Amino acid sequence: MASKGTVLMIEDEENIRDFIAASLRAQGYKPVGAKTAKEGMALAASLCPETILLDLGLPDMDGGEVIRNVRSWSQIPIIIISARGQEKEKVRALDLGADDYITKPFGIPELMARIRAAMRHGTIAAQTGACADVFCVGELRLDLGKRLLQIGKEEVHLTQVEYKIVAFLARNAGRVVTYDAIISHVWGPYMDDNNRILRVNMANIRRKIEKNPAEPRYIFTEIGVGYRMAQEEEPPGPAA
Ligand code: CA
């Protein structure tokens with residue numbers, strides 16, 4: 001079977017590394033492990049993996065330094081592996097340029113979905129330098145060129161700010177986007193603590209696009225971190 005790509009795991013706990021590596025191999029990826037931040041940065045540079053899984057708690061260096069280092073030369077998708085209760089660290093890692101995170105303990109299907117989303121994003125960014133002009137998921141269709149949002153055949157009227165939020169999330173579909181990243185994208189970097197205004201806008205957006213705003217289908221809340229726009233999964237390939 002042709003490899004689906006190299007995944008570099010920077011994680012000091014051997015049992016977690018082995019467990020992830022076995023799962024990746026079973027899914028057709030090529031796993032490579034690093035025990036320390038230094039080793040991880042060296043392997044990232046020499047292998048140019050398709051995705052990096054990064055544990056934030058490493059023995060030699062803060063995981064944030066690894067993100068900064070890799071982002072200084074590459075847009076390789078980085079998925080953070082974090083422990084519960086590390087919300088602040090996760091948010092910081094995302095703001096430093098990580099693409100997504102997964103919280104221990106996690107299931108393998110969840111990890112694989114994150115890796116697929118990250119790789120798809122990496123490929124789109126590398127191939128076109130921009131995202132597609134039309135974003136679709138479920139009944140939702142967003143034409144970024146025409147600034148037109150539809151649910152089914154119905155056009156949805158958004159305010160400027162609501163549109164900016166939805167478009168930004170759509171361009172990052174499948175990935176968690178932090179509150180700060182949305183706020184600085186929509187209102188600029190100098191707006192202090194706009195979480196309340198963002199929440200109000202999100203409530204309005206959900207009322208317009210979700211059948212049941214309490215159980216969103218399109219935009220999910222990542223508590224304490226940010227929001228995630230749903231992404232259409234690729235149809236399953238032929239059975240392996
Ligand atoms: Ca660790």
Side-chain angles (χ1 to χ4, degrees), residues 3-122 125 172 174-181 220-228 231:
S3 169
K4 288 185 194 163
T6 301
V7 177
L8 173 60
M9 307 167 291
I10 311 178
E11 160 69 76
D12 57 321
E13 280 173 69
E14 191 177 358
N15 53 348
I16 296 183
R17 236 176 28 240
D18 288 351
F19 170 66
I20 297 176
S23 314
L24 286 170
R25 239 176 255 119
Q27 297 286 327
Y29 296 99
K30 184 176 172 224
V32 179
K35 293 187 280 296
T36 64
K38 277 201 182 120
E39 196 188 338
M41 290 187 288
L43 282 171
S46 61
L47 296 172
C48 279
E50 271 70 27
T51 300
I52 296 174
L53 301 179
L54 173 66
D55 176 23
L56 286 179
L58 292 167
D60 58 333
M61 231 185 254
D62 178 58
E65 289 306 312
V66 178
I67 301 170
R68 238 186 237 126
N69 174 284
V70 172
R71 278 293 165 270
S72 69
W73 60 271
S74 150
Q75 288 303 314
I76 298 171
I78 300 175
I79 302 172
I80 297 302
I81 301 174
S82 74
R84 286 215 187 283
Q86 282 191 318
E87 263 64 34
K88 268 195 190 144
E89 290 84 348
K90 277 190 291 208
V91 170
R92 186 171 154 262
L94 292 163
D95 285 335
L96 279 172
D99 295 81
D100 207 345
Y101 70 85
I102 188 158
T103 305
K104 292 180 199 174
F106 49 81
I108 286 302
E110 192 188 354
L111 175 65
M112 293 304 156
R114 292 280 194 278
I115 292 176
R116 281 197 302 276
M119 283 197 179
R120 220 173 310 155
H121 235 278
N172 290 284
R175 300 198 291 190
V176 59
V177 185
T178 64
Y179 300 123
D180 278 358
F220 307 110
T221 299
E222 301 279 334
I223 293 166
V225 179
Y227 295 104
R228 182 195 300 275
Q231 184 180 40

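For clarity, every value in this text was computed on a predicted model and none was experimentally measured. First listed ligand is number 1; within each ligand, the first listed atom is number 1.
- Under the 3.5 Å distance criterion, with hydrogens and angles disregarded, a donor-acceptor pair is assigned to the side chains of Glu222 and Tyr101.
- Residues passing the salt bridge (charged side-chain N to carboxylate O under 4.0 Å, His left out) test with Arg175, sequence neighbours excluded: Asp99.
- Remark: Glu65 pairs with Arg68 by the side-chain hydrogen bond (donor to acceptor under 3.5 Å, both in side chains) rule, at least two apart or across chains.
- A distance of 9.0 Å separates CE of Met112 from CD1 of Ile102, quoted to the nearest 0.5 Å.
- Between Glu13 and Arg17, no side-chain nitrogen of the basic residue sits less than 4.0 Å from a carboxylate oxygen of the acidic one, so the salt-bridge criterion is not met.
- Within a radius of less than 3.0 Å around the Ca ion (ligand 1), the protein N, O or S atoms are Asp12 OD1, Asp55 OD2, Gly57 O.
- Applying the side-chain hydrogen bond (donor to acceptor under 3.5 Å, both in side chains) criterion to Asp60, with sequence neighbours excluded, gives no partner residue.
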